[in-house]
Amino acid sequence: MTRLDKLLADAGAGSRSQVKEYIRRGRITVNGQICKKPEQKVQEEKDLICLDGQRVEYARYRYYMLHKPRGVITATEDSRDKTVLDLLGGVDTAHIFPVGRLDKDTEGLLLLTNDGELAHRLLSPRRHVDKCYLVRTEKPLSEADLRALETGVDIGDDKPALPAKAQLNETGDLLLTIQEGRYHQVKRMLQAVDNRVLYLKRLSFGSLELPEDLRPGEFRPLTDEEQERLRNDVKG
Ligand code: URA
């Protein structure tokens, strides 16, 4: 059982305060009866909930993109540090988890969902989902370093890193696209070419790109189109 206002907000009918207002104004019915109590317990599978006579479709799966700031850890709970779930203000975070992991000092695009099946596919090494990072390095990278990253460097595991795409942008930062997600992978790849990461930001994950207007610490639900494109990234 869930509170009516929470269910409506989670279903995308409006923000928590907007849906409370709808309820107060008598625009919401539960099984045909106007309900003016935001705290009313309802069951999404059983109760027919309408806004202005239109059925509110409750999505079983929810997807959010977060611009993870530095200093926050990619976990669902922690006794000391703020976690990425703490940043999803107003969202019912039960069963929501981050898809993959960004280090505490990494910022950028992080997907969060309760869709375990899609998350599993996106993270599967067999699927080769691209992740693009902006990397600021301690020392300038040479052409030979870029070629080494593109060939596949030894990062101390059984197998070398898969070939990556490596190019410098106009400010000399590295744009590195990898298809794996091994522990500290980008940092270890840069170590392998005798360098060090000073700043790391994830710009994209599969077809999802970090929007320029999403500031560090901000999040938003994925659009239907973004969800569809992500499913296409791992189809088959
Ligand atoms: N590679 C890293 O080394 N750290 C991250 O956070 C992501 C990729």
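Counting starts at 1 for both ligands and their atoms, in listed order.
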Q.
I'd like to check the side-chain contact (heavy atoms from CB on, under 4.5 Å) partners of Arg70; sequence neighbours left out, ordered by chain and number.
A. Asp105, Glu107, Tyr199
Side-chain donor-acceptor pairs under 3.5 Å in residues 157-165, sequence neighbours left out?
{"unit_1": "Asp157", "atom_1": "OD1", "unit_2": "Arg188", "atom_2": "NH1", "d": "2.9"}
{"unit_1": "Asp157", "atom_1": "OD2", "unit_2": "Arg182", "atom_2": "NH1", "d": "2.8"}
{"unit_1": "Asp157", "atom_1": "OD2", "unit_2": "Arg188", "atom_2": "NH2", "d": "3.3"}

Q: Kindly state each residue pair satisfying salt bridge (charged side-chain N to carboxylate O under 4.0 Å, His left out) with at least one member in residues 140-154, sequence neighbours excluded.
A: Glu143-Arg147, Arg147-Glu150
Q: Select all protein residues for which some heavy-atom-to-ligand 1 distance is less than 4.0 Å, and list them by chain and number.
A: Leu102, Asp103, Thr106, Tyr133, His184, Gln185, Val186, Lys187, Leu200
Q: Write down the atom of Lys46, the atom of Asn31, and the distance for their closest heavy-atom approach.
A: O-OD1, 4.3 Å
Q. Would you find more than 12 non-hydrogen atoms of other residues, nucleotides or ligands less than 6.0 Å from Lys82 atom NZ?
A. no
Q. If you look at every heavy atom in Leu110 and Arg202, which pair is closest and at what distance?
A. CD1-NH2, 3.6 Å
